Number of protein chains: 2
Amino acid sequence: MNPSPTSARNLRSAHDLGDVVLRPVRGHHAFEGCVEQLATAIRLGVFASGSALPPERELAERMGVSRATLREAIAGLRAAGMVRTTRGRGGGTVVSYEPTAPARGGTPGIAERKGELLDSLVYRRVVEPGACYVAASRTLSASERMLLTTSLQEVDRAEDAATHRQADSRLHLAIASVTGSPMTIEAVTEVQGCLHDMLQAIPVLEVNIEHSSRQHRSIVEAILGGDATKARRAMEQHCDDTAALLRGLLG
Amino acid sequence: MNPSPTSARNLRSAHDLGDVVLRPVRGHHAFEGCVEQLATAIRLGVFASGSALPPERELAERMGVSRATLREAIAGLRAAGMVRTTRGRGGGTVVSYEPTAPARGGTPGIAERKGELLDSLVYRRVVEPGACYVAASRTLSASERMLLTTSLQEVDRAEDAATHRQADSRLHLAIASVTGSPMTIEAVTEVQGCLHDMLQAIPVLEVNIEHSSRQHRSIVEAILGGDATKARRAMEQHCDDTAALLRGLLG
DNA sequence: TGTCAATGGCATGACCTTAGACCTTTAAAG
DNA sequence: CTTTAAAGGTCTAAGGTCATGCCATTGACA
């Protein structure tokens, strides 16, 4: 009666957790992963235009990859015009990528990733408010407090949409960073990568920027003040507002 | 005066985000990753003893790895005595791992991972309460509600410490699963893997089990009742209590 | 009972990745 | 000006990973 329950197989539970926990061990080739990670870091403004990437040997070690592989990745970035490389002492690989304003010439490849992107909005709602809570609960060092205030100022000071977008990402990463938790930082980095792709795909409204700036201020204020609950609530609101906006535009 | 600020390099900000966002592209070899993931799933009870793993071809595809690589991983599990493989139609790879009671014969390799494990407690505090909130916010299908109640019952019914440990993991994975968010599920899976390793390393107290069972009940109750705030608060309490216990034992 | 299909077992060749050593270039240091 | 050290550029041998196709085994089904 049941569709072929072979003795062993049907011991698996109905709503099978096994179907759900097994994830790809790794997406693609190592060098593609490197390209993606570096490109994301650059686009998010973690490495500003004009600044140098760490030396290849150091980068390779930090990314857990051989120098040959890392070099292939850098060659990819160079081919894409995101970095320029010079040799000799004092040389290195320098970021030549200038942030571009959102919604320039359509949305390349957003539609195909719709599922992943919608998921990232849910995940963000989980991760970022939690990170805020943790950040606000900790006693922050002077340099950590400085990182937060500086990042916030950079968001406020941004004059064009492109710089503002990067400063926004950096602020969120800064908040994650002051949790002191590598896993949390990784999660926020992943989320911000997706978010950036979405926000680049839509036109920016002045109203939205003003609105989110207010939220940013109250988030940072709450974290610096050590009010974990308030910090989380503020970030929740921020995530929900952004998500509503983006879900509307993804259909 | 400053320690050698070469023109380009010092454009990197003081509290350098770049130092913090770059993560290993992938830990180790693909087949090690497979072993780890499958072994964790088995130890957490996602694949119960006696049940069959999916066919190699299917598993390989789901894990994004070639069958050759996956087979090497399975060979590893077989060598470790966790699975048994039979050929022919109706054959397959069957889990032969029986859960073991915590704290049997010391704590192999917990000390070296101390940093990672402590981090996972912070990360858990971020992820699981958030997952609860999302789960409680959704309208759950009948089978999702069933999954939750069943998982809860299994925790309560567990008669020895070993099965209780697995049922506990499965309940947490079930909660993640009903968020419907793959990224969230992945995060909780990772966290539960670490948590399991820690909890296996300590003796279980009847008191603690009783305490956490109460918390489990109120968590599931809140999720089923759609009370997101209450669900999150209950899970926060649960995480904090477990974390306090474990931090004490990790030094 | 015989056939078949689902499953694990195996082999091949192309490609990727690694580790390490060594070369070349070039600015900084003396 | 010479030396030096810090970078990127190149090579090689060994091993990991992949896609694919085919073989071997064995329970299910007619």
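Computed from a prediction, not measured in an experiment: that's the story for all the values here.
- Summarising the geometry, the separation between CD1 on A/I74 and P on D/dT10 is reported as 13 Å, rounded to the nearest angstrom.
- At a threshold of 4.5 Å between non-hydrogen side-chain atoms, the residues B/L199 and B/I202 count as touching.
- Not one side-chain nitrogen or oxygen of A/T86 sits closer than 4.0 Å to the OP1 or OP2 atom of D/dG8.
- The base of C/dG20 has none of its N or O atoms less than 3.5 Å from a complementary donor or acceptor on the side chain of A/R67.
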Task: Audit row: A/R124, A/Q192, side chain to side chain contact (heavy atoms under 4.5 Å, CB included) steps and yes/no - done: CA-CA 8 Å; A/R124 184 190 189 204; A/Q192 285 290 319; 3.9 Å; yes
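- Atom pair A/E61:CD and C/dT18:C1' shows a separation of 14 Å (rounding to whole Å applied).
- Judged by distance alone, with hydrogens and angles left aside, the side-chain atoms of B/R138 form a donor-acceptor pair with the main-chain N or O of B/V178 at under 3.5 Å.
- Among the atoms of the strands shown, only primed sugar atoms or phosphate atoms (P, OP1, OP2) are found under 4.0 Å from some heavy atom of A/A30.
- Closest contact between the side chain of A/H29 and the listed nucleotides D/dG27, C/dC16, D/dG8 involves C/dC16.
- With C/dT18, C/dG9, D/dG8 as the candidates, the nucleotide lying closest to the side chain of A/E56 is D/dG8.
- If you take CZ of A/F31 and C1' of C/dT18, they are 16 Å apart, rounded to a whole angstrom.
- One can place CD of B/E72 at 8 Å from C1' of D/dG16, the figure rounded to the nearest angstrom.
- Closest to the side chain of B/R89, from the set D/dA7, D/dG27, D/dA19, is D/dG27.
- Side-chain contact between B/I185 and B/L173 is absent, with no heavy atoms from C-beta onward closer than 4.5 Å.
- Taking 4.0 angstrom as the limit, B/T69 places none of its side-chain polar atoms (N or O) nearer than this to OP1 or OP2 of D/dG16.
- Counting to the nearest Å, the C1' atom of C/dT17 and the CZ atom of A/R71 are 15 Å from each other.
- The listed nucleotides are D/dG9, D/dT17, D/dA5; the one nearest the side chain of A/T85 is D/dG9.
- Here D/dG21 presents its C1' atom at 10 Å from CZ of B/R57, a figure rounded to the nearest Å.
- For A/T93, taking side-chain heavy atoms from C-beta onward, the closest of the listed nucleotides C/dG9, C/dC4, D/dG8 is D/dG8.
- Each of B/A68 and B/G88 has a nearest nucleotide on DNA chain C; the 5'-most of these lies closest to B/G88.
- B/L70 places its CG atom 13 Å from the C1' atom of C/dG9, with the value rounded to the nearest Å.
- Residue A/R87 contributes atom CZ, which lies 5 Å from atom C1' of C/dT24 at whole-angstrom precision.
- Considering all non-hydrogen atoms of both residues, B/L147 and B/S151 come closest at O-OG, 2.7 Å.
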